[in-house]
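For reference, the structure discussed in these notes is given below.
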Amino acid sequence: MESIVFIGLQASGKSTFYRQHFAETHELISKDLMPRKGKEQRQHQLIEAALQAGKSLVVDNTNPSRADRAAMLQQFQAYQAKILGYYFASVVDECMARNSQRTGKALVPDVGIFSTLKKLEKPSYEEGFDALFHVQIGAEGQFIVNPWGTGVGD
């Protein structure tokens with residue numbers, strides 16, 4: 001059973017990466033899919049249900065700081081789930097450009113991206129991750145994934 005945490009700015013490619021790499025094998029947990037009130041509690045409940053059922057899952061949120069990730073990682077550890085982190089390298093201008101192509105609720109106000117940027121902390125093994133990866137979007141739109149510690153962005 002894998003518990004995967006995505007970390008990165010809005011419009012950095014997290015949801016697209018999920019669809020391309022994990023949609024068929026991992027349950028999606030995203031605050032973007034929840035009603036406005038009680039998102040944190042609802043996320044905790046959905047993670048708990050998936051873990052109790054022995055399902056692999058992906059938490060597709062910005063998860064910018066260690067504090068934002070701490071309770072979730074403890075929850076995963078309680079079930080001895082393998083904990084993987086994917087850090088999405090973000091060029092703010094590129095995220096802003098991708099975000100500007102969004103419509104409706106998917107469109108994030110610019111201030112939201114800059115607010116997340118201020119809180120964004122790279123993950124570390126000390127937090128409890130079993131494996132970490134660095135994700136970039138290549139020149140032709142493809143995802144480039146490197147293990148943490150290879151010197152590429154970490």
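Predicted, not measured: the structure shown is a model, and the values here were computed from it.
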Inset, instruction - Measure the shortest side-chain to side-chain distance between Ile47 and Tyr79 over non-hydrogen atoms and say whether it is less than 4.5 angstrom. - result: no
Legend entry - Neighbour count >12 (heavy atoms, 6.0 Å) for atom CD, Gln41: no
Legend entry - Minimum heavy-atom distance Pro123-Phe129, with the two atoms named: CB-CE1, 3.8 Å
Inset, instruction - Measure the spacing between NZ of Lys31 and CZ of Arg42 and express it to the nearest 0.5 Å. - result: 13.5 Å
Inset, instruction - Starting at CG of Asn63, measure out to CD of Glu121 and round the result to the nearest 0.5 Å. - result: 12.0 Å
Inset, instruction - Search all heavy atoms of Phe17 against all heavy atoms of Phe22 and return the closest pair with its distance. - result: CE2-CE1, 3.6 Å
Inset, instruction - List the atom of Gly8, the atom of Lys14, and the distance in Å for their closest heavy-atom pair. - result: O-NZ, 3.3 Å
Inset, instruction - Nearest 0.5 Å please: distance from the CD atom of Glu2 over to the CG atom of Leu84. - result: 4.5 Å
Inset, instruction - Please step through side-chain contact (heavy atoms from CB on, under 4.5 Å) for the pair Gln74 and Gln77, ending with a clear verdict. - result: CA-CA 5 Å; Gln74 287 178 341; Gln77 290 168 339; 4.3 Å; yes
Inset, instruction - Would you check if Val58 and Phe6 make a side-chain contact, meaning some heavy-atom pair closer than 4.5 Å? - result: yes
Legend entry - Backbone N/O of Ser30 and side chain of Asp60: donor-acceptor pair under 3.5 Å: no
Inset, instruction - Please work out which of the three classes, parallel, tilted or perpendicular, describes the rings of Phe143 and His21, given edges at 30° and 60°. - result: perpendicular
Inset, instruction - Evaluate the side-chain proximity of Arg69 to Phe76: yes if any heavy-atom separation is below 4.5 Å, no if none is. - result: no
Legend entry - Heavy-atom pair of closest approach, residues Asp130 and Ala81: OD2-O, 3.8 Å
Legend entry - Exercise: identify the closest heavy-atom pair between Glu27 and Tyr18: C-OH, 3.9 Å
Legend entry - Min side-chain heavy-atom separation Leu120-Thr62 under 4.5 Å: no
Inset, instruction - Examine Leu9 and Ile144 and state if one hydrophobic cluster contains both, with Ile, Leu, Val, Met, Phe, Trp and Tyr joined whenever side-chain heavy atoms are less than 4.5 Å apart. - result: no
Inset, instruction - Would you indicate whether the side-chain heavy atoms of Leu57 and Leu51 approach each other to under 4.5 Å? - result: yes
Legend entry - Approximate separation, where rounding is to 0.5 Å, of Glu40 CD and Gln43 CD: 5.5 Å
Inset, instruction - Please state whether the rings of Tyr86 and Phe88 are parallel, tilted or perpendicular, taking 30° and 60° as the class boundaries. - result: tilted
Inset, instruction - Please test Asn146 against Gln136 for side-chain contact (heavy atoms from CB on, under 4.5 Å), starting from the C-alpha separation and ending with a verdict. - result: CA-CA 9 Å; Asn146 288 294; Gln136 295 174 283; 4.2 Å; yes
Legend entry - Exercise: identify the closest heavy-atom pair between Ser12 and Ile137: O-CD1, 3.5 Å
Inset, instruction - Hey, could you give me the OG1/CD1 distance between Thr25 and Ile4, rounded to the nearest 0.5 Å? - result: 7.0 Å
Legend entry - Short side-chain to backbone donor-acceptor contact, Gln52 and Ala49, under 3.5 Å: no
Inset, instruction - With the side chain counted from C-beta on, respond yes when Ser3 and Met72 share a heavy-atom pair under 4.5 Å apart, and no when they do not. - result: no
Inset, instruction - Rounded to the nearest 0.5 Å, what's the gap from CD1 on Ile7 to CG on Leu132? Could you check? - result: 7.0 Å
